[in-house]
*Asks:* 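Sharing a structure, written as structure tokens. Questions coming.
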Amino acid sequence: MDTIKQLQWRYATKKFNTEKKLSEEKLNLIKQAFNLTATSYGLQTIKLVVVKDPETRQSLVKASFNQKQVVDASHLLVICVQTDITSTDIDNYYKNIKGIRQTSETILKPYREDLVNMMSNKTIDQRLQWSANQAYIALGNLMTVCAMEGIDSCPMEGFIPQEYDRILDLEKQGLKSVLLLPIGYRADDDMFSTFKKVRRPLSEAIIEL
């Protein structure tokens, strides 16, 4: 597959084909791609909420400033972050490493303690921002994977997180919504699909030393 061709094909889809849905195979691929996203320390303080239910998505339209992609797309992906990062989260992460890699406690202990100290020296807002940075990495990864799989997407920051959190009952799960990514297939009459990409020339975008 021509990577550059697929990235040129990708655009922020404004109008989705409401009749065309992702297969379970494609959806599972997206879920796995999210879980394989790189995160700082591998800590994974982000989660993906996949919203399929049409009624639930309809209730989110107003909180999305009436952007219809959230209801017209095949699925709505909501990238969330934990409301906080605790020492228990870090302990569980290192237990997972120990179980999967059989790494000795002697090796893991100093890394675990350093990470606990680093997080404890941050305010809650700083920890939230740290997690939000990971969410943007996941968004970029998902957009690229979608492009490579011929799946359309529309990255969105334009929504009211507090309303999403309330409607999706995220607070009880210790989560806050950060980013949206409706995914599916473009409508034949979405005029934006024919627009040429507007980008600076490589000579202005790249610095080689």
Side-chain angles (χ1 to χ4, degrees), residues 3 6-7 10 26-51 75-149 151 153-162 164-166 168-183 205-209:
T3 301
Q6 287 306 113
L7 292 176
R10 187 213 68 79
K26 290 284 189 183
L27 185 59
N28 188 54
L29 185 150
I30 295 299
K31 293 175 184 177
Q32 292 191 54
F34 174 82
N35 201 44
L36 289 168
T37 292
T39 60
S40 187
Y41 296 96
L43 194 53
Q44 288 185 286
T45 58
I46 56 176
K47 285 197 177 182
L48 185 67
V49 177
V50 181
V51 188
H75 294 75
L76 172 63
L77 308 183
V78 184
I79 303 177
C80 304
V81 299
Q82 293 179 198
T83 53
D84 200 3
I85 305 169
T86 67
S87 58
T88 300
D89 295 317
I90 296 170
D91 286 342
N92 289 338
Y93 168 57
Y94 278 96
K95 284 178 184 176
N96 203 26
I97 294 177
K98 190 174 182 179
I100 292 172
R101 296 179 176 171
Q102 302 299 307
T103 308
S104 74
E105 178 63 21
T106 303
I107 293 173
L108 293 178
K109 184 179 179 181
Y111 291 102
R112 181 175 63 246
E113 291 177 347
D114 284 348
L115 187 52
V116 168
N117 289 334
M118 188 268 283
M119 287 297 173
S120 65
N121 286 328
K122 295 180 182 292
T123 65
I124 289 179
D125 285 344
Q126 288 173 333
R127 290 194 289 269
L128 278 171
Q129 184 57 57
W130 186 89
S131 290
N133 293 343
Q134 318 309 310
Y136 278 89
I137 296 172
L139 177 69
N141 183 44
L142 289 177
M143 290 168 62
T144 300
V145 170
C146 282
M148 298 304 293
E149 293 293 322
I151 299 168
S153 65
C154 183
M156 294 171 58
E157 291 180 302
F159 70 105
I160 304 171
Q162 296 87 344
Y164 264 70
D165 297 350
R166 180 184 64 80
L168 299 178
D169 206 21
L170 296 178
E171 188 174 347
K172 288 183 180 178
Q173 302 176 66
L175 299 172
K176 287 180 177 290
S177 54
V178 174
L179 294 162
L180 307 180
L181 189 67
I183 59 174
I206 308 297
I207 297 174
E208 296 190 51
L209 302 176

*Asks:* Mind checking whether Ile79 and Leu180 have side chains closer than 4.5 Å, heavy atoms only?
*Replies:*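 No, too far: nothing below the 4.5 Å cut-off.
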
*Asks:* I'd like to check the side-chain hydrogen bond (donor to acceptor under 3.5 Å, both in side chains) partners of Asp89; sequence neighbours left out, ordered by chain and number.
*Replies:*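 Applying side-chain hydrogen bond (donor to acceptor under 3.5 Å, both in side chains) to Asp89 gives Gln82, Thr86.
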
*Asks:* Suppose we screen for side chain to side chain contact (heavy atoms under 4.5 Å, CB included). Which residues come up paired with Thr106, at least two apart in sequence or across chains?
*Replies:*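 With sequence neighbours excluded, Thr106 shows a side chain to side chain contact (heavy atoms under 4.5 Å, CB included) to Ser104, given in chain and number order.
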
*Asks:* Applying salt bridge (charged side-chain N to carboxylate O under 4.0 Å, His left out) as the test, list every pair that has at least one member in residues 168-182; sequence neighbours left out.
*Replies:* none

*Asks:* Pair up each side-chain donor or acceptor in residues 121-128 with any protein partner under 3.5 Å, not counting sequence neighbours, and list the distances.
*Replies:*
residue	atom	partner	partner atom	Å
Asn121	ND2	Asn117	O	3.1
Thr123	OG1	Gln126	N	3.1
Gln126	OE1	Thr123	N	2.8
Arg127	NE	Asp84	OD1	2.6
Arg127	NH1	Met119	O	2.9
Arg127	NH1	Lys122	O	2.6
Arg127	NH2	Asp84	OD1	3.2
Arg127	NH2	Asp84	OD2	3.4

*Asks:* Within this structure, what is the CG-OG1 distance for the pair Leu7 and Thr3, rounded to the nearest 0.5 Å?
*Replies:*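 Between Leu7 CG and Thr3 OG1, I get 6.5 Å after rounding to 0.5 Å.
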
*Asks:* For Tyr164, which residues count as a ring pair (Phe, Tyr, Trp, His ring centres under 6.0 Å) partner, sequence neighbours excluded?
*Replies:* Phe159

*Asks:* I need the Asp165 CG to Gln173 CD distance, nearest 0.5 Å.
*Replies:* 10.5 Å

*Asks:* If the condition is side-chain hydrogen bond (donor to acceptor under 3.5 Å, both in side chains), which residues does Glu105 pass it with, not counting sequence neighbours?
*Replies:*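 Only Arg112 meet the side-chain hydrogen bond (donor to acceptor under 3.5 Å, both in side chains) criterion with Glu105.
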
*Asks:* Measure the spacing between CD of Gln6 and CD1 of Ile151 and express it to the nearest 0.5 Å.
*Replies:*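 Gln6 atom CD to Ile151 atom CD1 measures 11.0 Å (nearest 0.5 Å).
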
*Asks:* Decide yes or no for Gln134 and Val81: does some side-chain heavy atom of the first lie under 4.5 Å from some side-chain heavy atom of the second?
*Replies:* no

*Asks:* Would you list the atom pairs, donor with acceptor, under 3.5 Å between side chains in residues 30-42 and any protein atom, with sequence neighbours excluded?
*Replies:*
residue	atom	partner	partner atom	Å
Asn35	OD1	Gln44	NE2	3.0
Thr37	OG1	Ala33	O	3.3
Thr37	OG1	Phe34	O	3.1
Thr37	OG1	Asn141	ND2	2.9
Thr39	OG1	Leu43	N	3.4
Thr39	OG1	Gln44	N	3.3

*Asks:* Enter the distance from Thr45:OG1 to Leu175:CG here, rounded to the nearest 0.5 Å.
*Replies:*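 Rounded to the nearest 0.5 Å, the OG1-CG separation comes to 10.5 Å.
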
*Asks:* Could you pull out all residues at least two apart from Ser87 that satisfy side chain to side chain contact (heavy atoms under 4.5 Å, CB included)?
*Replies:*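 Partners of Ser87 under the side chain to side chain contact (heavy atoms under 4.5 Å, CB included) test: Val116.
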
*Asks:* For Gln129, which residues count as a side chain to side chain contact (heavy atoms under 4.5 Å, CB included) partner, sequence neighbours excluded?
*Replies:*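 Partners of Gln129 by the side chain to side chain contact (heavy atoms under 4.5 Å, CB included) criterion, ordered by chain and then number, come out as Ala132, Asn133.
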
*Asks:* Quick one: side-chain hydrogen bond (donor to acceptor under 3.5 Å, both in side chains) partners of Ser120, sequence neighbours excluded?
*Replies:*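 Applying side-chain hydrogen bond (donor to acceptor under 3.5 Å, both in side chains) to Ser120 gives none.
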
*Asks:* Tell me, please, which residues at least two apart from Leu29 pass side chain to side chain contact (heavy atoms under 4.5 Å, CB included).
*Replies:*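 Per chain and number, Leu29 pairs via side chain to side chain contact (heavy atoms under 4.5 Å, CB included) with Val145, Glu149.
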
*Asks:* If you measure from CZ on Arg101 to CD1 on Ile107, what distance do you get to the nearest 0.5 Å?
*Replies:*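 One gets 11.5 Å once the value is rounded to the nearest 0.5 Å.
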
*Asks:* Quick one: side-chain hydrogen bond (donor to acceptor under 3.5 Å, both in side chains) partners of Tyr136, sequence neighbours excluded?
*Replies:* Glu157

*Asks:* Are any non-hydrogen side-chain atoms of Ser153 and Leu142 less than 4.5 angstrom apart?
*Replies:* no

